[in-house]
Structure formats: structure tokens, C-alpha cells
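Here the structure is laid out as C-alpha cells; the discussion comes afterwards.
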Amino acid sequence: MESDPRRIHAQVIKKNIAGASEYRFQLNNLVTLYFKSHLLPYAVRLFQQIPSPNVVSWTTLISGHSNTPAALHHFVSMLRHPTLPNQRTLAIILKTCASLPSLSFGVQLHALSIKLSIATEPYSASALIHFYSKTQLPNNARKVFDEIPHSDAVCFSSVIVGLAQNSKPIEALSYFADMRASGFGSTDYSVSAALRASAELAALEQCKMIHSHSIVTGLDSNPIVGTALVDGYGKCGMVNDARLVFDENLPTLNLIGWNAMMSSYAQQGDKESVTELFSKMENQGLVPDQYTFLSIMTAFCNSGLFNDTEHWFTKMESEYKLEPWIEHYTCLVGAIGRSGRRP
DNA sequence: CTAGGGTTAG
């Protein structure tokens, strides 16, 4: 087939391009194609054939190994080459440090980006904010954000998400307000994070305001915003409102959306609604996970029914082959206490 | 030719 990178590779070799930089340009393109076609060994071999790799060549190689320790290895090789990274390189490598995670490598990248004067540029800054959020250092994330001279919607969203994820809901909502005041349009990221913060505070008025805002901005049709709304209303104790949002978004919601709705019922101890949704979920072809079973167990636990709680725990392990979390055991212990049983 | 952020539990 014509799009096979090996065919294009052959053509590049046949053309015998004279200029070194034009040749490198073509090879960089090819390495990208090989990675996109999931032909990793071809991509790496071709990279090694580039006579004098530039920052684009290196960034492509690192990007092809993103979220693996190999990406860090290639980054070090790049520095020894020596070639300096740019914003794109740092964005990719910081994302890798966030997902591995590797705190020490990421902190050194922060130092390097300060030396290169790109720590406050939007693309590397948002990656730094994400990195510090994932390594549970929200104050560092906020500090990076505060030093950005010309922020943008992604940097704002990143810091709001990071603060919401790290149980700093008041600060998250404060930055959400700052973002609105700065004139940046809200994004599905900023809205879902603000809803998560409001949910943690069980702040019903906040949830309602952001719900209205999401309708005005058209973000309410986003399934992640919908899920955050279901969760928000649920945490505020407004299960009926949660159900309305759930039903409106039903066609687009994934397993997480269903789990959020079941969790809302579970917090009320509404075991009938939870088990009813469980059946409907399976009829839809969705495969339940640990969150699903945690909701079911929580519902029975909150109703003081130990036998049912234990029954679903066993069902999860034996029938669905799901490894229980510490939370499932906590739920079992809680059920023992609530049912008045003695160990 | 190479770039950044999300929802369920706790």
C-alpha cells in the first residue's frame, strides 16, 4: 500500500537528495511515519542513520517512546550529543515523568527549563503544572502557574485540574474565577475540574452555577462534564438532579458516568436503584469494574446489610475476576460494624 | 517534520 512508510523510505533513498538539511528533514518525517505505523524497530534504526540529528529528530525519537523509561534514556543521550531541548521536547518528557512517575527526573527538567528560559512558556509550563500535580505537589504546580507572564486557557485549566485532584477545592475554584475574569473561555477541562472541586465541598450553589455556565457555553454535552455534574449533584445529596443529568447524557456516557450515578445512589444507601442500574449497565454491554462494585457494596454497607455486602464482594472476585482494593475491604469492615456483628 | 490539561474512589 502507498502509505506504507517503507515504500516512502525507498523513494527517499532513490531520490538521493543532495542537501544535508533537506535529507535530514525527509528522514525526520519518515521516523515520524514509522512511529505512527507502530513500526518501532524501523523508526529507531532510521533515526540512527540520520547523519546529524537535530532537535526535531531527537524530539521525534523521544515522543515515540513517551511514557516509558526509554524516553528518559533518549533524552539524556540528546543532552550528551549535545543538543538542547525546546518547549516541545520538554512537554513530552515531562508528560513521561508525570506518568511513570519520576519525581527526581522531572525536578531536574524544571531546573533545566529555567536555565533555558522556557519554564514560563505556555507549553512547557502546562506540562510542568501537570507533572507537579501528578506527583502530588500542588503548591509547586501553583507556583509554576503564578510565574507565567502570558498564560493561556490550557495553563489555567491545568492548574485548576491539579488543585482539584489534590484536594484543594477552594483554591481550584479561586483559579476558575480568575480564569473567567481573565477573559479566557472555559474549557471542558476547567469546567469538569471546577465541578470536581464543588463536589468535594458539597457546594450545591456552586454546582448549579457551573451547570448553568456549562449550558451557556455548550460544554454540557461533553460526557466528562456530564459525569462531573452527576457526581457533583450526587455529592450534594441531590440524586434526582444527578439522575436528570445522567438521563440527558445517557447515550454518550461511558462506564465512569454510570459509576458516578451508582455512587450517588450508594451514598444514599439506595440499594434498589444501584442494583437496577447494574443490570441495565450489563444490558448495555458495559463491563463493570472495581468502582462499580464499590458502589454496590457501599449501598449495602450503608443499609447495614453485611451478608449482601459480602455476597457482592465474593461475586466481584469469583465471577468477574476483579482484584479487590483496600476500599472494598474497608467497606466489608464497615458492614460488620453497622450490622452489629462481632468478629 | 517534534508540543501542554479531564470525569467514578480516597
Side-chain angles (χ1 to χ4, degrees), chain A residues 21-22 24-33 35-36 47 50 53-64 66 78 83 85-95 98 118 121-131 133-134 141 144-145 148 151-167 179 187-196 199-200 219 222-232 234-235 242 245-246 249 252-264 266-267 288-295 297-298 325-328 330-331:
Chain A
S21 64
E22 170 64 17
R24 183 175 57 204
F25 181 97
Q26 297 283 3
L27 292 189
N28 285 347
N29 257 333
L30 265 169
V31 174
T32 304
L33 276 177
F35 276 127
K36 279 185 184 163
F47 171 84
I50 301 175
N54 63 1
V55 64
V56 177
S57 320
W58 282 106
T59 304
T60 305
L61 178 72
I62 293 163
S63 173
S66 62
M78 181 187 79
T83 300
N86 60 20
Q87 264 206 89
R88 294 173 192 235
T89 325
L90 277 163
I92 291 168
I93 198 73
L94 278 165
K95 193 172 149 187
I118 48 178
E121 291 297 306
Y123 277 87
S124 37
S126 59
L128 274 169
I129 293 165
H130 178 233
F131 164 73
S133 303
K134 281 285 180 262
V144 170
F145 177 85
I148 305 171
S151 191
D152 66 9
V154 175
C155 290
F156 259 112
S157 303
S158 301
V159 77
I160 298 165
V161 167
L163 292 168
Q165 285 175 338
N166 283 282
S167 295
M179 182 179 179
T187 68
D188 37 5
Y189 289 83
S190 70
V191 166
S192 54
L195 282 167
R196 180 183 167 139
E200 183 167 348
L219 294 166
N222 179 284
I224 297 177
V225 170
T227 299
L229 277 168
V230 169
D231 184 54
K235 293 251 169 67
V245 176
F246 177 76
N249 292 280
T252 64
L253 289 181
N254 59 12
L255 179 66
I256 301 176
W258 282 74
N259 285 347
M261 190 63 241
M262 289 173 69
S263 166
S264 303
Q267 287 162 49
D289 66 0
Q290 281 96 334
Y291 286 105
T292 316
F293 284 97
L294 192 56
S295 286
M297 288 177 64
T298 302
W325 296 338
I326 188 75
E327 288 84 1
H328 296 97
T330 305
C331 200

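First the proteins, then the strands, lettered A, B, ... as listed; each starts at 1.
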Taking the side chain of Q87(A) as heavy atoms from C-beta outward, which of dA3(B), dG4(B), dT8(B) is closest to it?
dA3(B)
Any donor-acceptor pair under 3.5 Å joining the side chain of S158(A) to the base of dG5(B)?
no
Is the distance from OP1 or OP2 of dT7(B) to the nearest side-chain N or O of Q165(A) less than 4.0 Å?
yes
Could you tell me the separation between the CG atom of N249(A) and the OG1 atom of T252(A), rounded to the nearest 0.5 Å?
5.0 Å
Would you say dG4(B) has OP1 or OP2 under 4.0 Å from some side-chain N or O of K134(A)?
no
Among dG6(B), dA9(B), dG4(B), which nucleotide sits nearest the side chain of Y189(A)?
dG6(B)
Does N29(A) make a side-chain donor-acceptor contact with the base of dC1(B), cut-off 3.5 Å?
no
Check step by step if side-chain contact (heavy atoms from CB on, under 4.5 Å) holds for L253(A) and F246(A).
CA-CA 8 Å; L253(A) 289 181; F246(A) 177 76; 3.5 Å; yes
Could you check whether Q26(A) gets within reach of a base, just the sugar-phosphate, or nothing at all, counting any heavy atom under 4.0 Å?
nothing
N254(A) atom CG is separated from dG6(B) atom P, nearest whole Å, by 15 Å
Side-chain H-bond candidate by donor/acceptor type, N86(A) with T89(A), under 3.5 Å:
yes
Which part of the nucleic acid, if any, lies within contact of D231(A), taking any heavy atom under 4.0 Å across all strands shown: a base, the sugar-phosphate backbone alone, or nothing?
sugar-phosphate
Between dC1(B) (C1') and I92(A) (CD1): distance, integer Å
12 Å
H130(A) side chain near dG5(B) phosphate (N/O to OP1/OP2, under 4.0 Å)
yes
Just N and O in the side chain of H328(A): are any of them under 4.0 Å from OP1 or OP2 of dA9(B)?
no
Whether the side chain of R196(A) and the base of dG5(B) hold a donor-acceptor pair under 3.5 Å is what I'd like checked.
no
Could you walk me through whether S158(A) and F145(A) pass the side-chain contact (heavy atoms from CB on, under 4.5 Å) check?
CA-CA 9 Å; S158(A) 301; F145(A) 177 85; over 6 Å; no
Counting side-chain heavy atoms from C-beta on, which of dT2(B), dT8(B), dG6(B) comes nearest to V225(A)?
dG6(B)
Closest to side chain of Y291(A), choosing from dT2(B), dA9(B), dG4(B)
dA9(B)
Could you give the CG-to-C1' distance, from N222(A) to dG6(B), as a whole number of Å?
8 Å
Taking 4.0 Å as the cut-off, does a side-chain nitrogen or oxygen of T227(A) come that near to OP1 or OP2 on dT8(B)?
no
Could you tell me whether S157(A) contacts a base, only the sugar-phosphate backbone, or nothing, with contacts defined as non-hydrogen atoms closer than 4.0 Å?
base
Per atom distances to the A91(A) side chain, the nearest of dT8(B), dG6(B), dG4(B) is dG4(B)
Set out, in order, the CA-CA distance, both residues' side-chain angles and the distance that settles side chain to side chain donor-acceptor pair (under 3.5 Å) for N29(A) and T32(A), then state yes or no.
CA-CA 5 Å; N29(A) 257 333; T32(A) 304; 5.2 Å; no
Given dA9(B), dG5(B), dG4(B), the nucleotide with the shortest approach to the side chain of L294(A)
dA9(B)
Candidates N54(A), T59(A), T60(A) - the one meeting side-chain hydrogen bond (donor to acceptor under 3.5 Å, both in side chains) with S57(A)
N54(A)
Taking atom P of dG4(B) as reference, at what distance in whole Å does atom CD1 of I93(A) sit?
12 Å
Answer with base, sugar-phosphate or nothing: what part of the nucleic acid does V154(A) contact at a heavy-atom distance below 4.0 Å?
base
Is the gap between the ring centers of Y291(A) and W325(A) under 6.0 Å?
yes
Do T187(A) and dG6(B) have a side chain to base donor-acceptor pair shorter than 3.5 Å?
no
Using whole Å, report how far CH2 of W325(A) lies from P of dA9(B).
10 Å
For atom CZ of R88(A) and atom C1' of dA3(B), their distance in whole Å
5 Å
Heavy atoms only, 4.0 Å cut-off, all strands: where does S192(A) land among base, sugar-phosphate and nothing?
base
To the nearest angstrom, the NZ-C1' distance between K235(A) and dG10(B) comes to 9 Å
Taken to the nearest whole Å, CG/N54(A) to C1'/dC1(B) is 9 Å
Please determine whether a side-chain nitrogen or oxygen atom of Q267(A) lies at a distance below 4.0 Å from atom OP1 or OP2 of dA9(B).
yes
